[in-house]
Amino acid sequence: MEISKNFDFKSAELKWYQHWMDNRHFESHPDGREPYTVVIPPPNVTGILHMGHCLNNTIQDILVRRARMMGKNACWVPGTDHASIATEAKVVQMLRERGIQKASLSRDEFLGYAWEWKEKYGGIILQQLKKLGCSLDWNRTSFTMDPDYYQSVIRVFNDLYQKGYIYRGKRMINWDPRAKTALSDEEVIFKEVQGKLYFLQYQLVDKEGNPIPLEQGGITIATVRPETILGDAAIAVNPTDERFSHLIGTYALVPLINRKIPIIGDDYVATDFGSGALKITPAHDMNDNQIGIKHGLAVYDILNEDGTLSADAILHVGKDRFEARKDIVEELKHAGHVVKIEEYVHQVGFSERTDVVVEPRLSLQWWVDMKKISGPALSAVNDGEVNFHPAKFKNLYRHWMENIKDWCISRQLWWGHRIPAWYDQEGRFVVAMDEAEAIAKFSSEHGINNPILKQDEDCLDTWFSSWLWPFEVFKGISNPGNKDVSYYYPTQTLVTAPEIIFFWVARMIMAGYEYMGQKPFGDVYFTGIVRDNLGRKMSKQLGNSPDLLNMIDEIGADAVRFGILIASPAGNDLLWDKASNEQGRNFINKLWNALKLIQLWKERAKDGLTPEEVTLSNDWPHRWFEARLRQVCTEVEQLMAQFKLSEALKTLYTLIWDDYCSWYLEWIKPGFEKPMDQQHLNRAIANFEILMERLHPFMPFVTEEIYNLLRDNQPTNLCVRQMDPGFVFNAADENILQEAALLKEAITAIRDARVKAQIKNKDAVSLFCTVKEKSLWTAIKELLCKQINARELTFTEEPVSDTIQLVLGADRFYIKTDQVLDTAAQRKELETELAYYQGFLNVVEKKLSNEKFVANAKQEVVDLERKKQADALAKIGLLQESLNNL
RNA sequence: GGAACAUUAGCUCAGUUGGUUUAGAGCAUUACUUUGACAGAGUAGGGGUCACUGGUUCGAGCCCAGUAUGUUCCACCA
């Protein structure tokens with residue numbers, strides 16, 4: 001059968017993915033087998049595939065495919081996340097492009113557009129995962145706003161509220177003035193900003209408001225946000241600060257508006273920063289708020305939700321906060337309050353989603369009391385119920401969980417799960433599953449018939465739905481105890497990015513224990529962050545993120561999978577470079593060429609060759625390779641168990657490239673134009689099949705294609721071939737592996753000697769040797785001669801003159817050739833080697849002559865050194881002898 | 001400011017409880033080879049005071065202390 005020159009990945013990818021789908025190989029149903037369940041970290045419904053997804057999903061696919069081939073019932077659940085803020089922002093932008101303002105739409109109209117948009121563009125990313133070869137069970141595709149899922153989120157909210165774990169409270173939150181929504185702490189990114197520190201003097205007044213002359217002590221405060229003085233409620237000083245302590249109990253006037261505020265003492269104030277006196281603005285600073293509560297201060301909320309100044313500010317009402325800052329500085333200068341202005345670098349919080357400066361703001365929001373549900377989740381990770389890979393994330397997790405803060409779950413958005421709380425006109429509220437239930441509840445609680453209630457306008461934080469993902473994809477809440485959730489939950493492995501350990505992983509563990517009574521997954525594998533070859537994070541702004549789909553199109557999915565994985569050390573970020581794709585492509589080419597050779601042999605194969613026709617009369621190379629194969633399979637198994645996927649792939653790469661192609665196929669290769677023995681061929685094919693089997697989870701398309709061609713396109717599926725669990729390394733293999741090491745060493749050394757003596761490959765030589773293990777060398781001498789183009793191998797006890805002499809371990813070889821030998825070069829060669837061993841011997845003997853070493857070291861260590869010494873001495877002896885023979 | 005982790009060849013990394021030939025791999029690089037699966041190949045070589053300074057030990061890439069650099073997380077003193 002004609003084989004194409006190269007692997008045609010384009011047609012193979014289409015063909016095999018379709019074939020696997022047609023044969024329903026990715027579908028899973030509960031049965032008697034052990035399940036292996038993985039839920040995909042749901043990408044944003046609006047997302048498109050990038051390098052991070054590529055890494056993450058390649059890893060999941062490897063785990064799932066491998067489990068499928070190891071007799072497990074593998075189930076990988078796909079789906080998408082509604083991603084409230086990100087999606088709403090995209091819809092708003094789409095509307096703006098069409099000339100529609102969100103503010104002009106009703107909630108229902110807006111949601112109509114949003115759903116339309118979601119149906120059209122949502123889920124593109126899932127189609128893209130197919131290109132990568134991901135073996136997801138597409139029948140199970142979930143979306144966090146599917147009707148059942150939506151209901152479950154509402155149910156969980158109701159349940160937590162009833163348990164008293166959810167409350168409504170006015171608290172300082174991070175406010176995004178562009179998105180006009182609250183942000184959780186995790187959604188705020190602090191950046192270093194060059195700003196100015198303004199030193200402002202406040203007039204001191206007595207209790208009645210009469211000015212105290214400045215000579216007796218005005219008070220200077222320092223601030224980076226001068227506009228917030230309009231919200232000042234006090235000035236605080238440290239009670240131990242002698243400069244100011246006498247002022248505690250007196251008053252100051254806020255510049256420009258002349259509000260009388262008290263001067264209070266609080267040891268929170270640092271004496272060595274700024275002026276030593278701190279203005280307190282309870283509505284606009286987290287710490288000031290705490291101090292305000294402590295001292296019972298008034299609250300002046302000077303900002304509107306869009307970041308403009310409110311009526312409470314008195315001045316500059318309606319002006320943007322940054323405009324107001326500029327203007328107020330001018331006014332303060334004018335009025336003589338500015339003492340000095342210093343350049344100042346400080347950290348400012350920015351919104352992760354909109355990148356505007358976040359405003360700490362007092363606001364009425366819904367909260368989850370996390371301490372109530374975090375306990376089991378903390379001990380689960382501490383006690384190894386849930387294992388993190390790499391383990392270093394365990395510390396991070398513990399630290400966060402032990403200092404966990406309440407979770408602000410309301411978001412001022414329309415796209416998402418609407419908060420199931422209903423209010424009457426007086427602001428009294430009930431939490432219920434729906435409006436009817438709300439009305440009933442309200443009536444009975446407040447004794448009002450047919451109350452007029454209005455549902456909360458806000459939505460829940462996206463993560464408040466995705467924390468239910470591992471069980472709600474199996475309808476664990478909407479249909480409790482169903483067959484699927486009982487079978488598949490808890491899932492086995494979660495593969496995700498370390499950035500969302502708190503957003504998502506921790507919360508899933510909490511929800512798992514709270515609602516299923518057990519952990520959501522046994523292992524969490526944290527992938528690294530994909531960076532470019534300069535170490536920069538890949539991002540749209542930098543434009544350093546390659547177009548993944550283009551790449552797959554250009555070089556093939558298998559090469560891309562290989563490329564990203566080989567560059568991905570366990571537990572580290574990976575610096576990805578296009579060159580690693582090329583390594584993948586070269587590897588595929590190597591596989592393809594091995595296939596071509598096998599196919600060529602198939603055409604020339606004959607049964608029952610005469611002994612003269614069979615190149616190898618014994619099966620030594622097969623026995624060796626099969627031992628090596630078992631050894632590597634065991635290694636790979638161990639590496640996979642530790643989630644060292646990259647190393648597992650490297651190990652297979654070496655096995656295939658070096659052991660199978662470079663050694664094994666060469667060893668069984670018949671002479672030029674000689675027929676191939678069918679028995680040999682069969683074993684080579686069987687071994688090739690096992691290689692493809694073990695490689696398949698990593699590179700599914702090319703392996704499936706080769707496997708089918710090896711079987712001459714009989715209907716087979718590598719995809720669901722079952723790995724033999726008994727195919728593991730055993731001690732009996734050790735012997736032949738060592739023999740092979742000797743043989744390889746001899747071949748390499750003799751080839752090297754030939755090259756150095758400039759003996760052409762086609763010129764045959766004669767080989768003589770003095771060896772210890774004569775029986776071994778007798779068995780493999782034919783093999784050796786073929787590899788180095790020697791006419792024959794003759795055993796001898798005496799030195800052979802006019803030859804190239806080699807010392808290999810305790811054995812010695814003589815290469816006889818018709819060519820004139822360059823004795824000087826040979827001498828140099830031997831002398832270099834001699835010098836090395838003498839140096840080595842020195843080190844060993846130095847050790848052995850150290851009495852303390854001999855006295856203190858373990859006996860086996862000393863024995864080993866003695867053996868090294870003996871070996872080195874023997875080697876030196878042989879080398880010197882060779883030199884003398886020259 | 002606090003903490004965690006890292007620092008081994010040009011690059012990316014192994015190096016398992018301190019002794020396993022005077023430190024390994026892949027990629028890159030250099031020289032040579034080359035017509036029978038594969039130049040997208042083969043063979044060989046070069047390249048490292050294992051960040052630095054001390055310490056423990058008969059013995060340190062590995063353990064301890066400190067220093068430097070980097071990454072990440074936490075906090076955010078106005």
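First the proteins, then the strands, lettered A, B, ... as listed; each starts at 1.
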Atom CG of A:N789 and atom P of B:rG36: how far apart are they, to the nearest Å? 16 Å
Can you tell me which nucleotide in B:rU20, B:rC74, B:rA78 comes closest to the side chain of A:F502? B:rC74
Would you mind telling me which of B:rA75, B:rC58, B:rU22 lies closest to the side-chain atoms of A:K405? B:rA75
Selection from B:rC38, B:rA78, B:rA4 that lies nearest to any side-chain heavy atom of A:N395: B:rA4
Ring-face cation of A:K196 near A:Y344 (centre distance under 6.0 Å, axis angle within 45°): no
Test of ring centre spacing under 6.0 Å for A:F562 and A:Y653: yes
A:R398 CZ to B:rC5 C1', in whole Å, measures 15 Å
Are the aromatic rings of A:F393 and A:F526 close, with centres under 6.0 Å apart? yes
For A:K394, answer base if it contacts any base atom (sugar-phosphate contacts may also be present), sugar-phosphate if it contacts only those atoms, and nothing otherwise; contact means non-hydrogen atoms under 4.0 Å. nothing
Going by an N to O cut-off under 4.0 Å, is there a salt bridge joining A:E647 and A:K650? no
Nucleotide of B:rA78, B:rA37, B:rC76 approaching A:K669 most closely (side-chain heavy atoms): B:rA37
Do A:Y664 and A:Y660 have ring centres separated by under 6.0 Å? yes
Dot-bracket line, read 5' to 3' along RNA chain B, where crossing pairs take [ ] and | marks a partner on another strand, Watson-Crick or G-U under 3.5 Å: (((((((..((((.....[....)))).(((((.......))))).....(((((..]....))))))))))))....
Does A:D288 reach a base, just sugar-phosphate, or nothing at all? Heavy atoms under 4.0 Å. nothing
Rounded to the nearest Å, what distance is computed from the CD1 atom of residue A:I500 to the P atom of nucleotide B:rC73? 13 Å
Answer with base, sugar-phosphate or nothing: what part of the nucleic acid does A:V224 contact at a heavy-atom distance below 4.0 Å? sugar-phosphate
Roughly, in whole Å, what's the span from CD in A:E829 to P in B:rA44? 13 Å
Could you go through the salt bridge (Lys or Arg N to Asp or Glu O under 4.0 Å) check for A:K756 and A:E829 one step at a time? CA-CA 10 Å; A:K756 282 182 176 139; A:E829 191 74 24; 3.3 Å; yes
Can you tell which of B:rA44, B:rA41, B:rG40 lies closest to the side chain of A:T748? B:rA44
Under 4.0 Å, counting only non-hydrogen atoms across every strand here, what does A:N589 touch: a base, just sugar-phosphate, or nothing? base
Base, sugar-phosphate or nothing for A:W657? Non-hydrogen atoms, less than 4.0 Å. sugar-phosphate
d(CZ, A:F393; C1', B:rC5) in whole Å: 9 Å
Can you list the steps and then say if A:Q787 with A:E666 is a side-chain hydrogen bond (donor to acceptor under 3.5 Å, both in side chains)? CA-CA 8 Å; A:Q787 298 302 311; A:E666 291 299 330; 5.4 Å; no
Is there a donor-acceptor contact under 3.5 Å linking the side chains of A:R628 and A:Q631? yes
On a plain distance test, is the side chain of A:K590 in donor-acceptor contact with the base of B:rC38 below 3.5 Å? yes
Can you check side-chain hydrogen bond (donor to acceptor under 3.5 Å, both in side chains) on A:K596 and A:Q599, steps first, answer last? CA-CA 5 Å; A:K596 273 157 65 177; A:Q599 299 298 78; over 6 Å; no
With a non-hydrogen cut-off below 4.0 angstrom, is A:D752 in contact with a base, only sugar-phosphate, or nothing? sugar-phosphate
Near-strand residues of residues 577-588 of chain A, defined as heavy-atom separation under 4.0 angstrom from RNA chain B: A:Q583, A:R585, A:N586
Could you state the NZ-C1' distance from A:K756 to B:rU33, rounded to the nearest angstrom? 14 Å
Once you round it to whole Å, what is the distance between P of B:rG42 and CD of A:Q787? 14 Å
Tell me which donor-acceptor pairs under 3.5 Å the side chains of residues 274-281 of chain A have, and how far apart each pair is, sequence neighbours excluded?
unit_1: A:S275; atom_1: OG; unit_2: A:T220; atom_2: O; d: 2.4
unit_1: A:S275; atom_1: OG; unit_2: A:A277; atom_2: N; d: 3.3
unit_1: A:S275; atom_1: OG; unit_2: A:A277; atom_2: O; d: 3.4
unit_1: A:K279; atom_1: NZ; unit_2: A:T228; atom_2: OG1; d: 2.7
unit_1: A:K279; atom_1: NZ; unit_2: A:D232; atom_2: OD1; d: 3.0
unit_1: A:K279; atom_1: NZ; unit_2: A:T281; atom_2: OG1; d: 2.8
unit_1: A:T281; atom_1: OG1; unit_2: A:D232; atom_2: OD1; d: 3.0

When the ring planes of A:F643 and A:H389 are compared, do they come out parallel, tilted or perpendicular, using 30° and 60° as the limits? tilted
Whichever of A:G839 and A:K650 has its nearest RNA chain B nucleotide further upstream toward 5': A:K650
Among B:rG15, B:rG19, B:rU43, which is the nearest nucleotide to the side chain of A:R751? B:rU43
Upstream residue (5' side of RNA chain B) when A:A749 and A:L665 are each assigned their closest nucleotide: A:L665
From CH2 of A:W400 across to C1' of B:rA3 the rounded distance in Å is 18 Å
Counting side-chain heavy atoms from CB outward, which of B:rA4, B:rA37, B:rU22 is closest to A:Y836? B:rU22
NA contact type, A:E666, heavy-atom cut-off 4.0 Å: base, sugar-phosphate, or nothing? base
Regarding A:L864, tell me which of base, sugar-phosphate or nothing describes its non-hydrogen contacts under 4.0 Å with the strands shown. sugar-phosphate
